[in-house]
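Order of appearance sets the numbers: ligands from 1, and atoms from 1 within every ligand. Remember, predicted model here, so these are calculated numbers, not experimental data. For the numbers below, each heavy atom of this structure counts, side chains included, while hydrogens, waters and symmetry mates do not.
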Amino acid sequence: MMYQKPKGTRDLYGRDLMRIEKVCSSARSFFFTRGYQEIRTPVFEYADLFIRSIGETTDIVEKENYTFEINERRYMLRPEGTASVLRAIIENKISLPRRFLYIEPMFRKERPQKGRYREFIQIGIEHIGEIGPLYDAEMIEHGKRFLDGLGMEGVTIEVNSIGCPECRTEYKKVLSGFLEPHISELCADCLRRKERNFLRIFDCRNEQCQEVYDQAPKITDTLCRACTEHYEKVKHYLNAFSVIFRENKKLVRGLDYYTRTVFEFKAGNLGAQDTILAGGRYDILMKELGGPDTPALGWAMGVDRMMFTLPEGKPAIEAPEKFFLVVMGKTLFSRALDIRKVIHDHGYVCILGDHEESVKHQLKKANKLQANYTVIFGEDEARENACTIKDMQSGKQEKVLIHALDDFLAKKVRI
Ligand SMILES: [Zn+2]
Ligand SMILES: [Zn+2]
C-alpha cells in the first residue's frame with residue numbers, strides 16, 4: 001500500500017520551504033516596524049464563526065470548506081484569518097486600537113491549480129479600531145512596500161468603495177431596476193446571488209453576465225455623502241503615499257463583511273486568477289460577531305501565489321557553508337567534537353561522520369550530502385594537533401592547527 005497526500009496539498013522541504021520561510025520572516029520584521037504584533041489563532045473554530053462572518057452565500061461557506069462534527073458540535077478548518085482575529089479580540093478583551101499580523105495555513109476545498117492549494121499559507125494584517133481613511137491608504141501602502149522589498153515587479157493595485165449598509169440599500173434599488181430587462185441574460189448563480197447577496201454578482205466569471213454588468217450603474221456612483229468623502233480621502237492619501245492605483249468600479253470582493261474601501265493587488269503573469277493580495281474595510285463585522293461597534297480593516301496575501309510571480313532567485317536564499325567532519329577511529333572521537341563545536345560556533349553547518357564507518361564510506365557520504373568542505377581528522381592530524389580542510393569545489397586542501405581553527409574560519413573559508 002502506497003499512501004499519497006490528499007489532492008491539493010503538498011509536502012514542503014528543501015529550497016521551496018526555505019523560500020517560503022524567508023518570505024515569512026521578512027514579513028515579521030517588516031510589519032513589526034509598522035506596529036503589528038503577531039497573533040496565532042486555532043487552526044479550527046466553531047463553524048458558526050465563519051458562516052456568520054464570511055456569509056452563507058459565499059463559495060467558501062457553500063462548498064469550499066472543511067467541516068467536521070464531534071459530539072454534535074460543528075467545526076471548520078480556518079478558511080481565512082479575519083474572523084478568528086476578531087473573535088480573539090472580543091474573547092480576550094484586547095484593548096484597541098491594535099494591529100495584528102498573522103502568518104498561518106488556511107484551508108479551502110478549491111479546484112487545485114497553479115500556485116493554488118487546498119492548504120495554503122496566508123500572510124495577513126488587521127488594523128482594528130480605526131475609522132480614519134488615512135489607515136485604509138496606509139494599509140495598502142504597507143502591502144505595496146512589502147512586495148517591493150521582496151523584489152516583486154509588475155503589480156497593479158485596484159481600489160473601490162462599496163459603501164455602508166445605507167448606500168447599499170439605495171444601490172440595490174437602482175441596480176434591480178437596471179437588471180430587470182436583462183434577467184434572461186444572467187447565469188443561475190447570479191440570479192441566486194442577486195436575491196441573497198446582490199453585490200457579489202460582479203464576481204461572476206461568466207462573460208455574458210459581465211457584459212451586462214459593464215453597462216450597469218456602479219455602487220461608487222450612489223455612495224452616501226460620508227462614504228463618498230471617505231473614499232475621496234483614501235485616494236488622496238494613496239497619492240500622498242506615492243502609491244499608484246487604478247479605480248475598478250466592479251471590484252466588490254467575495255466576502256460579505258466588507259464596507260467602504262476594498263482593494264486587490266494583481267500580478268500580471270498569473271492569468272485570470274491574478275489576485276495575490278486582497279482586503280478592505282469591515283466596519284460592521286466586529287458588532288456582527290457580538291463585539292463592540294468597532295471599525296476595522298485588513299488584507300491577506302496568498303504566499304504561494306505571490307511567490308509564483310516573484311522574479312527568478314527572489315527572495316535570495318543564503319544557505320550557510322556545509323562541512324563534513326571525517327573522523328578516523330574511536331580514539332579520536334572526543335577530540336573531533338571540539339573541532340565540530342568551533343565550526344558550529346561560526347554558524348556553519350557541520351555534519352559529523354560516524355567514526356565506526358570507513359573513511360571511504362564517510363567521504364562518499366560527504367559527497368552525497370553536498371558538503372562544501374570536508375574536514376579530516378586522522379592519526380597524522382591528531383599528532384600535529386591539526387585538521388585537514390578540503391574545499392570540495394576546488395579540490396584544494398590546507399592543514400589548519402586546531403588552536404588556529406577559530407581564526408581560520410573567521411577570516412575566510414574558501415581555500
Ligand atoms: Zn454610505
Ligand atoms: Zn453570472
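With waters neither drawn nor counted, the protein N/O/S atoms under 2.8 Å from the Zn ion (ligand 1) amount to 4.
Cation-pi geometry between K322 and F324 is not met at under 6.0 angstrom from the ring centre and within 45 degrees of the axis.
With respect to the salt-bridge test (charged N to carboxylate O, under 4.0 angstrom), the residues K22 and E318 qualify. Classification of K396 and E398 as a salt-bridged pair fails, no side-chain N sitting under 4.0 Å from a carboxylate O. Looking at D189 and R192, a side-chain N of the basic residue comes within less than 4.0 Å of a carboxylate O on the acidic one, giving a salt bridge.
Taking the six-membered ring where the residue is Trp, W299 and F31 present perpendicular rings, their angle passing 60° and hence far from 30°. Note: F107 and Y66 have perpendicular aromatic rings, judged against thresholds of 30 and 60 degrees for the angle between ring planes.
The set of protein atoms (N, O or S) found at less than 2.8 Å from the Zn ion (ligand 2) reads C187 SG, C190 SG, C204 SG, C209 SG, by chain and number.
T374 OG1 to K365 NZ: the interatomic distance, rounded to the nearest 0.5 Å, is 14.5 Å.
Sorted by first then second residue, the side-chain hydrogen bond (donor to acceptor under 3.5 Å, both in side chains) pairs that include residues 67-77, not counting sequence neighbours, are N65-T67. Pairs engaging residues 112-145 under the ring pair (Phe, Tyr, Trp, His ring centres under 6.0 Å) rule: Y36-H142, H127-Y135 [sequence neighbours left out].
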